[in-house]
Amino acid sequence: MGSMSISPDSIKGKTMIDVSDAIELHSHPNVKFLDGSWFLADRNGRQEFLDGPRIAGAQFFDIDDIATESPYLHMMPSPELFAAAMDAMGITNS
């Protein structure tokens, strides 16, 4: 359940938060919402993001755009490449 007064520091490092907390934090300048939807077949996460609806101001993040080249799919990029991708989206550790 959401708290009465939540701060960005209280959600740092979490991948999911309560809807009520997200609503409270939505207008905070240091909070960014990312949609990383990915599906096995017959759906396209990026297209669904573009078609909406979505959280106002949210950005789409596709790990495959920066994935390490490999015979395996969706491999995590180097820390430097991941950091660069986050920087490009305006996401920092602060």
Side-chain angles (χ1 to χ4, degrees):
M1 182 177 267
S3 65
M4 295 302 283
S5 181
I6 188 162
S7 72
D9 286 337
S10 67
I11 63 164
K12 196 170 187 176
K14 293 185 178 181
T15 56
M16 296 182 71
I17 63 172
D18 291 337
V19 171
S20 59
D21 291 342
I23 290 168
E24 188 171 337
L25 288 167
H26 183 259
S27 62
H28 194 285
N30 289 344
V31 175
K32 307 284 186 195
F33 289 88
L34 298 181
D35 182 337
S37 297
W38 185 89
F39 304 97
L40 287 173
D42 300 326
R43 289 177 68 182
N44 181 311
R46 185 186 309 267
Q47 191 59 53
E48 288 186 23
F49 174 81
L50 294 172
D51 292 345
R54 62 181 169 273
I55 297 171
Q59 300 175 76
F60 186 78
F61 174 70
D62 187 341
I63 190 64
D64 290 336
D65 287 347
I66 61 168
T68 300
E69 287 197 31
S70 167
Y72 307 105
L73 298 175
H74 327 298
M75 293 291 103
M76 189 69 176
S78 69
E80 296 81 13
L81 183 54
F82 185 78
M86 294 301 102
D87 286 346
M89 296 180 93
I91 298 170
T92 66
N93 283 333
S94 60

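All heavy atoms count here, side chains included; hydrogens, waters and symmetry mates do not.
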(request) Quick one: list whatever passes ring-ring contact (aromatic ring centres under 6.0 Å, His included) with Phe33, sequence neighbours left out. (result)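 ring-ring contact (aromatic ring centres under 6.0 Å, His included) check on Phe33 returns His26.
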(request) Tell me, please, which residues at least two apart from Ser27 pass side chain to side chain contact (heavy atoms under 4.5 Å, CB included). (result)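 If we apply the side chain to side chain contact (heavy atoms under 4.5 Å, CB included) test to Ser27, skipping adjacent residues, there are no hits.
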Is [Y] close to [X] at the side-chain level, that is, under 4.5 Å between some pair of heavy atoms?
X: Ser78; Y: Thr68; result: no
X: Trp38; Y: Asp64; result: yes
X: Val19; Y: Ile23; result: yes
X: Ile91; Y: Leu34; result: yes

(message) For Ala85 versus Ile66, what's the shortest heavy-atom pair and its separation?
(response) CB-CD1, 3.7 Å
(request) Taking all non-hydrogen atoms of both residues into account, name the closest pair between Gln59 and Met89 and its distance. (result)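 Heavy atoms only, the tightest pair is NE2-O, 3.0 Å.
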(request) Any side chain to side chain donor-acceptor pair (under 3.5 Å) involving residues 45-57? Give me the pairs, sequence neighbours left out, ordered by first then second residue. (result) Arg43-Glu48, Arg46-Asp62, Arg46-Asp65, Gln47-Asp51
(request) Mind checking the CG-CE spacing from Asp21 to Met16? Nearest 0.5 Å is all I need. (result)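 Interatomic distance, Asp21 CG to Met16 CE, rounded to 0.5 Å: 12.5 Å.
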(request) Take Ser37 and Asp35 through the test side-chain hydrogen bond (donor to acceptor under 3.5 Å, both in side chains) and record every step on the way to the result. (result) CA-CA 6 Å; Ser37 297; Asp35 182 337; 2.5 Å; yes
(message) Closer than 3.5 angstrom, by distance alone: can the side chain of Ser70 be matched with the main-chain N or O of Met75 as a donor-acceptor pair?
(response) no
(request) Classify the ring geometry between Phe61 and Phe82 as parallel (under 30°), tilted (30 to 60°) or perpendicular (over 60°). (result) perpendicular
(request) Flag yes if Ile55 and Phe60 sit in one hydrophobic cluster, no otherwise; membership is Ile, Leu, Val, Met, Phe, Trp, Tyr, and two members link when side-chain heavy atoms are under 4.5 Å apart. (result) no
